[in-house]
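Heavy-atom basis, side chains included; hydrogens, waters and symmetry copies ignored.
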Amino acid sequence: MTSSKLRGRSRRAGPQVSVRVVLAVLGGVTGIAWLVLPGMTTRTDAPVAITGPVAASPAVAPAKDGASTADLVLPLVAAGAAGALAGYGYLRRVRRARTRTTPGGSTPSPPRTEPGVPDDRARTALVAADDRVRAARDELGFPRELFGAEAVAPFADALREAERELAAAFRMRQRHDDGVPEDPVARRQALAGIVGRCAEAERRLDAAADGFRRLRGLEQGVGEALAVAEARFRELTGRTPAAEAVLGELRERYAATASATVTGYVEQAKDRLVFATVRLNQARQADDAGHPEEAARHLRTAEGAVAQAAVLVGAVERTAAELREADGLLPAALTGAEAELAPLRDTADTEALAHVLRADAVLSRVRQELTSGRPYDPVGILRRVVGAISAPEPPRAGVLAAAGRLTARSATAAAADFVATHRGVVGATSRTRLTEAHRLLADGDTAGADALALEARALAEQDVRVRGNPYTPAPPVPDASRPAPTAGTAGAVLGGILPADDPENAHPAGFTGRPGASRTPPA
């Protein structure tokens with residue numbers, strides 16, 4: 001009994017054999033016809049007498065036995081052609097058999113090579129657009145303070161539109177990283193869509209650039225804008241020592257992990273302020289010397305440094321507030337956890353009982369830490385309590401839900417601060433996870449937001465470790481015409497305020513872009 005595979009092969013072989021037979025027979029018949037035809041057309045009756053003398057042509061050879069050489073060549077050509085066709089059919093069948101990969105014997109068509117966007121290009125577009133949106137957000141705060149919210153409303157609208165386009169691009173990137181869609185052609189199209197969304201985000205800022213430039217009027221003088229930047233600089237200079245004292249208190253009161261997310265932030269804030277000091281002085285000197293464009297460039301750079309110093313100082317202050325809130329919430333969270341477990345203790349459900357045992361083990365260790373007298377991490381402990389009780393469904397109300405919102409909010413803010421102040425080297429993956437964490441937090445998925453925010457921070461820190469600071473100051477040269485690098489330039493480059501290739505002559509991207517810069521953002 002033959003298998004279906006052999007039967008299918010026999011059925012396929014039948015028509016091909018028939019074709020070869022037909023071709024061979026056709027060639028043979030044609031050859032025979034050419035051989036017989038001369039004999040059939042030879043006349044056997046008596047020749048007709050020629051009455052006039054005819055001169056024999058020396059160029060024509062006399063016929064022998066009624067057949068010429070051409071009569072023999074044509075049949076051979078026809079037979080050879082038929083044989084060649086039959087051979088071609090046989091070779092084609094053999095080639096199909098060797099390349100057959102499916103039970104049906106059909107050769108799969110090669111994959112289509114659709115034009116697409118390289119993955120690196122999509123990542124680079126995300127980073128570039130995100131950098132520009134962040135710089136524009138920082139830049140908008142200074143004219144708002146000077147001219148008021150109503151004057152900057154059109155530009156705030158343009159920024160929100162750019163943020164929406166960028167958020168859509170990051171959402172597409174997250175889905176792409178999750179393997180959606182699966183089809184290779186659709187995935188390439190998704191990458192093209194990401195690049196298009198990023199371009200649209202930047203186009204929204206480009207459309208508002210001329211109006212924003214006219215509103216600021218920095219080319220006519222930086223006097224009032226410079227005063228606003230200097231006032232904010234002085235305010236941050238006063239907050240920085242206080243933040244340093246707060247950070248010291250956190251280290252004494254809590255475990256090291258409690259303040260780990262803001263370790264080094266005070267030093268970085270001071271570094272940004274030193275850079276801002278130099279650039280603010282350069283802006284005033286250029287303005288006094290009648291060089292408004294140079295003054296505007298220095299001012300915008302100083303504003304970027306001041307904005308990042310505010311992020312760093314604010315992160316320390318926010319972390320202290322979150323730790324105090326979490327510390328006060330811990331007793332209620334433990335009580336709420338016991339209340340959540342109580343109905344499950346008498347159940348016969350094996351899975352529920354296993355969940356109770358795991359949660360009891362976590363809560364027992366938490367109580368030991370709280371009563372040991374040693375420093376602990378309130379936010380970290382809350383995260384463990386919520387995680388132990390929330391499986392399989394996180395609570396939507398009550399003290400545990402509030403604890404979940406606190407931990408997710410804390411993790412998301414910490415990741416956002418780190419990316420903002422290290423964006424010169426942070427790549428697209430960390431930014432994608434951070435954007436998704438913000439989206440989940442807004443949708444109420446605190447567990448998902450918390451997990452993605454922690455991942456975003458870890459990826460950003462990894463980028464910093466791997467890439468380091470992209471700025472390497474050139475060795476000093478005995479050239480008085482060449483200015484020395486500004487103090488704090490390395491921090492400004494790490495923060496993405498300035499490009500590494502030309503930090504002395506560029507300005508932050510913002511609404512008006514970065515003319516003449518050739519920086520390639522990290523992918």
So which atom in V127 and which in G427 form the shortest heavy-atom distance, rounded to 0.1 Å?
CG2-C, 4.0 Å
Would the distance check show the side chain of S410 and the main-chain N or O of L406 forming a donor-acceptor pair, the cut-off being under 3.5 Å?
no
Looking at V185, is its backbone amide N or carbonyl O close enough to the side chain of D183 to form a donor-acceptor pair, meaning the two atoms are under 3.5 Å apart?
yes
Could you check whether R123 and T429, counting side-chain N and O atoms only, form a donor-acceptor pair closer than 3.5 Å?
yes
Closest contact, heavy atoms only, A225 versus L218:
CB-CD2, 3.7 Å
L312 and V266, any side-chain heavy atoms less than 4.5 Å apart:
no
Give the intermediate values and the outcome of side-chain contact (heavy atoms from CB on, under 4.5 Å) for residues D450 and L441.
CA-CA 8 Å; D450 188 57; L441 185 60; over 6 Å; no
How many angstroms lie between CG in L494 and CZ in R423, if you round to the nearest 0.5 Å?
10.5 Å
Taking the inter-plane angle between the rings of F511 and F212 on a 0 to 90° scale, is it parallel (under 30°), tilted (30 to 60°) or perpendicular (over 60°)?
parallel
Hey, are the side chains of T486 and Q282 touching, using non-hydrogen atoms and a 4.5 Å cut-off?
yes
Could you check whether any side-chain heavy atom of V313 comes within less than 4.5 Å of a side-chain heavy atom of Y265, counting everything from C-beta outward?
no
Would you check if there is a donor-acceptor pair between the side chains of Q285 and N281 at a distance under 3.5 Å?
no
Using atom types as modelled and distance alone, determine if a side-chain donor or acceptor of R457 lies under 3.5 Å from a backbone N or O of T261.
yes
Closest heavy-atom pair and its distance - A276, F233
CB-CD1, 4.2 Å
Please determine if D210 and R213 form a salt bridge, counting it only when a charged side-chain N lies under 4.0 Å from a carboxylate O.
yes
Might you point out which heavy atoms bring A310 and R239 nearest each other, and give the distance in Å?
O-NH2, 4.5 Å
Looking at R431 and D463, is there a salt bridge between them, counting it only when a charged N and a carboxylate O are closer than 4.0 Å?
no
Does any N or O in the side chain of T407 come within less than 3.5 Å of the main-chain N or O of G404, such that one atom is a donor and the other an acceptor?
yes
Salt-bridge criterion met for E200 and R204 (N-O under 4.0 Å)
yes
Taking E163 for the side chain and V133 for the main chain, is one N or O donor matched with an acceptor at less than 3.5 Å?
no
Would you check if Y254 and S259 make a side-chain contact, meaning some heavy-atom pair closer than 4.5 Å?
no
Which distance, rounded to the nearest 0.5 Å, do you find between the CG of L215 and the CZ of F147?
5.0 Å
Can you check whether A361's main-chain N or O pairs, donor with acceptor, with S364's side chain at less than 3.5 Å?
no
Are any of the side-chain heavy atoms of H355 and L341 separated by less than 4.5 Å?
yes
Lys/Arg N to Asp/Glu carboxylate O, E235 vs R232, below 4.0 Å:
no
Taking all non-hydrogen atoms of both residues, which atom of P181 and which atom of A186 are closest, and how far apart?
CG-CB, 3.5 Å
How long is the span from the CZ atom in R367 to the CG atom in L330, to the nearest 0.5 Å?
11.5 Å
Are any non-hydrogen side-chain atoms of V385 and L400 less than 4.5 angstrom apart?
yes
Between CG on residue L334 and CG on residue L382, distance to nearest 0.5 Å:
8.5 Å
Assess the residue pair H438 and T435 against the criterion (side-chain contact (heavy atoms from CB on, under 4.5 Å)); give the C-alpha distance rounded to whole Å, side-chain angles, the decisive distance to 0.1 Å, and a yes or no.
CA-CA 5 Å; H438 279 297; T435 305; 5.6 Å; no
Can you run down the salt bridge (Lys or Arg N to Asp or Glu O under 4.0 Å) pairs that involve residues 260-274, sequence neighbours left out, and say none if there aren't any?
E244-K270
Determine whether E294 and D287 satisfy the following criterion, side-chain contact (heavy atoms from CB on, under 4.5 Å), listing intermediate values before the conclusion.
CA-CA 8 Å; E294 182 182 351; D287 189 53; over 6 Å; no
Could you tell me which non-hydrogen atom of E338 sits nearest to which non-hydrogen atom of L363, and how far apart they are?
OE2-CD1, 3.9 Å
Pair D130 + R134, salt bridge at N-O below 4.0 Å
yes
In this structure, CG of D119 is separated from CZ of R187 (nearest 0.5 Å) by 8.5 Å
Would you list the pairs meeting salt bridge (Lys or Arg N to Asp or Glu O under 4.0 Å) in which at least one residue belongs to residues 326-336, sequence neighbours left out?
R253-D327
Within a radius of less than 6.0 Å around CZ of R284, do more than 12 heavy atoms belonging to other residues, nucleotides or ligands occur?
no
Flag the pair E165 and R203 as a salt bridge only when some basic side-chain nitrogen lies within less than 4.0 angstrom of an acidic carboxylate oxygen.
no
Taking the side chain from D138 and the backbone from A307, do they hold a donor-acceptor pair closer than 3.5 Å?
no
The test is side-chain contact (heavy atoms from CB on, under 4.5 Å); show your working for V366 and Y376 and say whether it passes.
CA-CA 10 Å; V366 164; Y376 56 87; over 6 Å; no
Please determine if D177 and R433 form a salt bridge, counting it only when a charged side-chain N lies under 4.0 Å from a carboxylate O.
yes
Find out whether F418 and V464 are in side-chain contact, i.e. whether some heavy atom of one side chain is under 4.5 Å from a heavy atom of the other.
yes
Does R300 reach the main-chain N or O of P508 with its side chain, forming a donor-acceptor pair under 3.5 Å?
yes
If you round to the nearest 0.5 Å, how far is CZ of R197 from CZ of F170?
13.5 Å
May I ask you to say whether R279 pairs ionically with E504, meaning some side-chain N is under 4.0 Å from a carboxylate O?
yes
So if I apply the side-chain hydrogen bond (donor to acceptor under 3.5 Å, both in side chains) rule between E436 and each of Q174, R171, R175, which one comes out positive?
R171
Give a yes or no on whether the backbone of V195 and the side-chain of R121 come within a donor-acceptor separation of less than 3.5 Å.
no
Test item: V222 and H298 side chains (from C-beta on) under 4.5 Å apart, heavy atoms:
no
Could you tell me whether the side chain of R467 and the main chain of V425 form a donor-acceptor pair under 3.5 Å?
yes
